[in-house]
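A quick write-up on the structure given underneath.
Just so it is clear, the model here is predicted, and its values are computed rather than measured. Just so it is clear, the values below take in all heavy atoms, side chains as well, and ignore hydrogens, waters and symmetry mates.
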Amino acid sequence: MRKKTYLKLAEYQTDQSEKHLNEVRSIYKEMRGYKHDFHHHLQTLKGQLESGEIERALAYIEQLDSQLMNVDTLLKTGNVSLDAILSAKIAQAKAENIAVTVKANVPDSLTISDLELSIVVGNLLDNAIEACCAVSNRRFIRIFMSMKGNMLYFSMLNTAGAKTKKTGSLFATHKDGVHGFGLRRAEAILESHGGWVKYNSEDGAFTSEFLVPALAACFEVF
């Protein structure tokens with residue numbers, strides 16, 4: 001790849017990632033707002049019911065139900081930015097009838113930046129969603145994230161089609177070059193922090209995992 005093309009794609013990927021991170025943060029903030037208002041809604045309903053205004057209370061519930069139809073339960077991984085990116089991608093996956101399960105416990109403060117984390121996790125999930133959409137049988141994505149000492153560990157298993165072959169460190173996708181470049185950007189980010197990413201393709205399933213230093217090393221002074 002020529003240097004000029006590489007720089008243009010890098011700029012595009014960064015701009016898109018910053019835009020996406022801001023969008024998911026806004027979604028997360030809105031969802032938190034609904035949670036904050038829940039107490040007030042209960043108080044309103046309680047007052048209406050105590051006053052015998054049953055029809056008014058039912059209308060209020062219908063209005064709330066309409067507003068909350070597209071609001072999913074907040075993920076609580078421990079990392080606000082990770083909660084945001086996962087919530088956005090899970091909503092996208094569910095729209096494609098993909099069942100998603102997440103088990104994650106991650107500190108809020110990491111040495112890998114919010115933008116870098118968004119690029120890495122976002123691109124891996126985009127790849128998983130793409131693979132799921134290519135099959136007609138049961139679609140699922142299973143994600144696990146946790147700390148191993150000062151290392152952030154991520155693993156994901158998702159539905160896929162037939163086993164595919166590697167080209168270099170990556171597997172072929174059905175998207176254009178920008179998508180493949182996104183995965184290379186994710187790989188480069190992890191390597192720049194001293195981490196690694198691995199993929200494995202089998203008939204019917206695909207796995208992705210990475211391990212990267214994510215907490216500052218602590219040294220005791222005597």
Checking Tyr153 now: which residues fulfil ring pair (Phe, Tyr, Trp, His ring centres under 6.0 Å) with it, not counting sequence neighbours?
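Not a single residue meets the ring pair (Phe, Tyr, Trp, His ring centres under 6.0 Å) criterion with Tyr153.
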Excluding sequence neighbours, so at least two apart, what forms ring pair (Phe, Tyr, Trp, His ring centres under 6.0 Å) with Tyr60?
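Partners of Tyr60 by the ring pair (Phe, Tyr, Trp, His ring centres under 6.0 Å) criterion, ordered by chain and then number, come out as His41.
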Taking salt bridge (charged side-chain N to carboxylate O under 4.0 Å, His left out) as the definition, give me every residue that meets it alongside Arg56, ordered by chain and number, with sequence neighbours left out.
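Counting only residues at least two positions away or on another chain, Arg56 forms a salt bridge (charged side-chain N to carboxylate O under 4.0 Å, His left out) with Glu53.
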For the pair Phe206 and Asn127, evaluate side-chain contact (heavy atoms from CB on, under 4.5 Å) and give the outcome as yes or no after the intermediate values.
CA-CA 10 Å; Phe206 191 90; Asn127 195 52; 4.0 Å; yes
Salt bridge (Lys or Arg N to Asp or Glu O under 4.0 Å) contacts in which one or both residues fall within residues 132-155, not counting sequence neighbours
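Sorted pair list comes back empty.
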Just verifying a value: how many Å separate [X] [atom1] and [Y] [atom2], rounded to the nearest 0.5 Å?
X      : Y      : atom1 : atom2 : value
Leu117 : Leu190 : CG    : CG    : 9.5 Å
Glu116 : Ser81  : CD    : OG    : 12.0 Å
Glu202 : Thr207 : CD    : OG1   : 7.5 Å
Leu157 : Phe140 : CG    : CZ    : 4.5 Å
Ile189 : Ser118 : CD1   : OG    : 9.0 Å
Ile54  : Ser51  : CD1   : OG    : 9.5 Å

Which pair of heavy atoms, one from [X] and one from [Y], lies closest together, and at what distance?
X      : Y      : value
Cys132 : Asn158 : SG-CB, 4.2 Å
Met156 : Leu124 : CE-O, 3.2 Å
Gly149 : Leu215 : O-CD1, 4.0 Å
Ala205 : Ala160 : C-CB, 3.8 Å
Met147 : Pro107 : CG-CD, 3.4 Å
Ser201 : Ala162 : OG-O, 4.4 Å

Passes side-chain contact (heavy atoms from CB on, under 4.5 Å), Glu209 versus Trp196? Steps please.
CA-CA 8 Å; Glu209 63 175 339; Trp196 50 259; 3.9 Å; yes
Treating [X] as the side-chain partner and [Y] as the backbone partner, does any N or O pair qualify as donor plus acceptor under 3.5 Å?
X      : Y      : value
Asp83  : Thr77  : yes
Asn123 : Ile119 : yes
Asn79  : Asp108 : yes

Testing Ile141, Ile85, Val120 for side-chain contact (heavy atoms from CB on, under 4.5 Å) with Leu125, which one passes?
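Of the listed options, the one satisfying the test is Ile141.
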Steps toward side-chain contact (heavy atoms from CB on, under 4.5 Å) verdict (Val121, Ile143)
CA-CA 10 Å; Val121 175; Ile143 301 167; over 6 Å; no
Taking the side chain as every heavy atom from C-beta outward, state whether Leu211 and Leu152 have any pair of such atoms under 4.5 Å apart.
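Not in contact.
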List, one per line, each side-chain donor-acceptor pair under 3.5 Å for residues 96-106, sequence neighbours excluded.
none

side-chain contact (heavy atoms from CB on, under 4.5 Å) partners of Glu191, counting only residues at least two apart:
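Counting only residues at least two positions away or on another chain, Glu191 forms a side-chain contact (heavy atoms from CB on, under 4.5 Å) with Glu187.
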Give the cluster check for Leu115 versus Leu110: same hydrophobic cluster or not, with ILVMFWY residues linked at side-chain heavy-atom distances below 4.5 Å.
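The answer is yes; both residues are in one hydrophobic cluster.
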Would Asn150 and Thr111 satisfy side-chain contact (heavy atoms from CB on, under 4.5 Å), going step by step from the backbone distance to the final call?
CA-CA 10 Å; Asn150 72 325; Thr111 53; over 6 Å; no
